[in-house]
Amino acid sequence: MGRYHGRSTTVLKPRTTQEVSEIMKWCNKRRIGVVPQGGNTGLVGGSVPVDNEIILSLSNLNKVRSFDPVSGILVAEAGCILQSLTDYVAPHNHIMPIDLGAKGSCQIGGNVATNAGGLRLLRYGSLHGTVLGLEVVLPDGTILDQLTTLRKDNTGYDLKQLFIGAEGTLGVITGVSILTPPAPQASNNVILALPSFDHVLPLYQTVKRQLSEILSAFEFIDRTAYDLAVKHGQGRALSEEEVDGAECFVLVETSGGRREHDEEKLADLLELLITADKPLVNTGVLSQSPAQFSSLWALREGVTEAVSKEGKAYKYDISVPLSSFKDVVDGTREHLRSKGLLHDKAVKYVLGYGHVGDGNLHLNIVADAYLPEIQDALEPYIYEVVALHRGSISAEHGIGAMKTHALPYSKSATSIALMRKIKAVFDPHGIMNPGKVLELM
Ligand code: 2HG
Ligand code: ZN
């Protein structure tokens, strides 16, 4: 995002867990801060040093240790790129339980460390469920081997959970054991153009009811997000007729066991939606080929890239009730307008998109440049709105360096105090990714 810059002079690229352990021991003795870094695709500055810490890149720990095609359990080193793991399990008819726009660069260790959500969470759940075990190097160099391949292990405190989403503040993840689901025999998608945001909720209910077990994604982009994606060549644009009068779009994906059955279900759904007395959608475009399937997904997955080509983005990744998605986006736009900041030289676009099925809204504010007056108008305004809804200030991107100050909007003082105690147990000298998740004291 170009928002965070450290002053590090040193990047270390260990090849083995043992080397990670030796580095950590050395740094711990000398109280040198360490920033673990995966694919560096995070959006909250979590993998960027705040000062002159050592950067510990995991990219050379990039081997698959084992894969069991019967259970689908994959054990891989932290630096494996998500897409290469997807390619690795594909010939065995398995898929990774996680998928996200950054799959070509992000690494599995970083995915786990940040508890990344992404596009398949609706179907396969979060990494807290699909990760079965971890190998972690603690700040003092101790190797914590919890790399089990057991589906069930109910033996007291589940320590690995602490490292999932800790953003490298408790230790360095070096290996991941993860459950990969069988690849669906057939996947289809359709993009639906809606005349009004008010239709999203009833649409979601209808889609869930009609598609039931084959529904695998229900993603939302508002009109501004759609227009930006198209403007920057992301995916296949719908025709003018198809987008006419559309306030927002929903991408529905199905993944199931039998192509004809799934296609029939999707076609029936479309028919029902369009011919209803009060149609919930203006139109729907069904993908007819693998290329069209990818191109419809690109409209949704490409929003982030389109936004970054358009200017500097302020990104808020929040959990709020579905019914308030539109109000939050419109409210933010109006708030900026009332401050005189909605014009070409300041904020150009306010847009909303995200994972409706997970209650996760991505609110992006695109500006000509990062300006203090925009920052001051956005915060604490947005965090107060989130707190009002008892939502989360970070649904899936984490806290990183960007949101440490905002943690109290989502977590009680008691919770934060306990987090500090946990941090002190694992990292008494505060060398692990300092200034991330918890503010420096
Ligand atoms: C997505 O869902 C990502 O596309 C990125 O989480 C969201 O860039 C963003 O704000
Ligand atoms: Zn997302």
Side-chain angles (χ1 to χ4, degrees), residues 1-4 38-47 82-83 96-106 110-111 113-127 165 167 189 191 216-222 224-226 228-230 232 234-235 248-253 294 296-320 322 325 328-329 332 347-367 370 378-379 382 386 391-400 402-403 406:
M1 294 170 66
R3 257 184 103 170
Y4 302 96
N40 215 7
T41 61
L43 294 167
V44 289
S47 58
L82 180 58
Q83 182 64 54
M96 293 300 286
I98 174 170
D99 182 29
L100 58 155
K103 54 185 156 251
S105 332
C106 65
N111 295 150
T114 58
N115 187 23
L119 307 162
R120 289 191 182 145
L121 195 135
L122 180 70
R123 168 65 74 88
Y124 300 111
S126 88
L127 291 169
E167 301 180 51
N189 63 6
I191 190 146
S216 56
F218 191 98
E219 295 281 320
F220 157 78
I221 53 177
D222 71 10
T224 315
Y226 171 85
L228 280 180
V230 169
H232 293 284
Q234 306 290 332
C248 60
F249 301 82
V250 163
L251 186 137
V252 174
E253 185 195 65
S294 308
L296 289 190
W297 260 119
L299 280 172
R300 162 63 187 88
E301 285 188 285
V303 177
T304 296
E305 197 172 319
V307 160
S308 66
K309 286 185 178 152
E310 194 62 49
K312 296 290 181 196
Y314 294 85
K315 288 182 177 288
Y316 296 92
D317 156 46
I318 57 183
S319 280
V320 284
L322 282 182
F325 274 26
V328 171
V329 179
T332 305
V347 172
K348 301 198 283 184
Y349 304 101
V350 178
L351 54 141
Y353 55 107
H355 318 286
V356 168
D358 314 327
N360 178 185
L361 171 69
H362 294 309
L363 169 64
N364 283 202
I365 293 92
V366 191
Y370 290 128
L378 292 173
E379 293 179 28
I382 291 171
V386 172
S392 171
I393 58 152
S394 178
E396 62 170 0
H397 294 169
I399 298 297
M402 178 183 166
K403 300 176 186 169

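Atom set for the values below is all heavy atoms of this structure, side chains included, hydrogens, waters and symmetry mates excluded. Counting starts at 1 for both ligands and their atoms, following the listed order.
- Close contacts of ligand 1 with Arg300, meaning ligand atoms under 4.0 Å from a residue heavy atom, involve 1 (C), 2 (O), 4 (O).
- Between Gly352 and Leu361, the shortest heavy-atom contact is CA-CD1, 4.0 Å.
- Contacts with ligand 1 closer than 4.0 Å are made by side-chain heavy atoms of Asn364 only, the backbone lying farther away.
- A distance-only check finds no donor-acceptor pair linking the side chain of Glu219 to the backbone of Leu119 [under 3.5 Å].
- At least one heavy atom of His355 sits less than 4.0 Å from an atom of ligand 1.
- Atom OE2 is the N/O/S atom of Glu396 found closest to the Zn ion (ligand 2).
- In the vicinity of Thr304, heavy-atom distances shorter than 4.0 Å reach the ligand 1 atoms 4 (O), 5 (C), 7 (C), 8 (O), 9 (C).
- For atom 9 (C) of ligand 1, the nearest non-hydrogen atom of the protein is Tyr353 OH, 2.9 Å.
- As for His362, its N/O/S atom nearest the Zn ion (ligand 2) is the one called NE2.
- A distance-only check finds no donor-acceptor pair linking the side chain of Gln234 to the backbone of Glu301 [under 3.5 Å].
- Using modelled atom types, one finds a donor on one side chain and an acceptor on the other under 3.5 Å when comparing Glu310 with His232.
- Panel note: side chain Arg300, backbone Tyr353; no donor-acceptor pair is recorded below 3.5 Å.
- Using modelled atom types and a 3.5 Å distance limit, the side chains of Glu253 and Trp297 yield a donor-acceptor pair.
- Between Phe220 and Phe325, the two ring planes are tilted [angle within 30° to 60°].
- Within the listing of ligand 1, atoms 3 (C), 5 (C), 6 (O), 7 (C), 9 (C), 10 (O) sit less than 4.0 angstrom from a heavy atom of His397.
- Near Leu43, with a cut-off below 4.0 Å to any heavy atom, the atoms of ligand 1 are 5 (C), 8 (O), 9 (C).
- When heavy-atom distances to ligand 1 are checked against a 4.0 Å cut-off, Glu301 has no atom that comes that close, whether in backbone or side chain.
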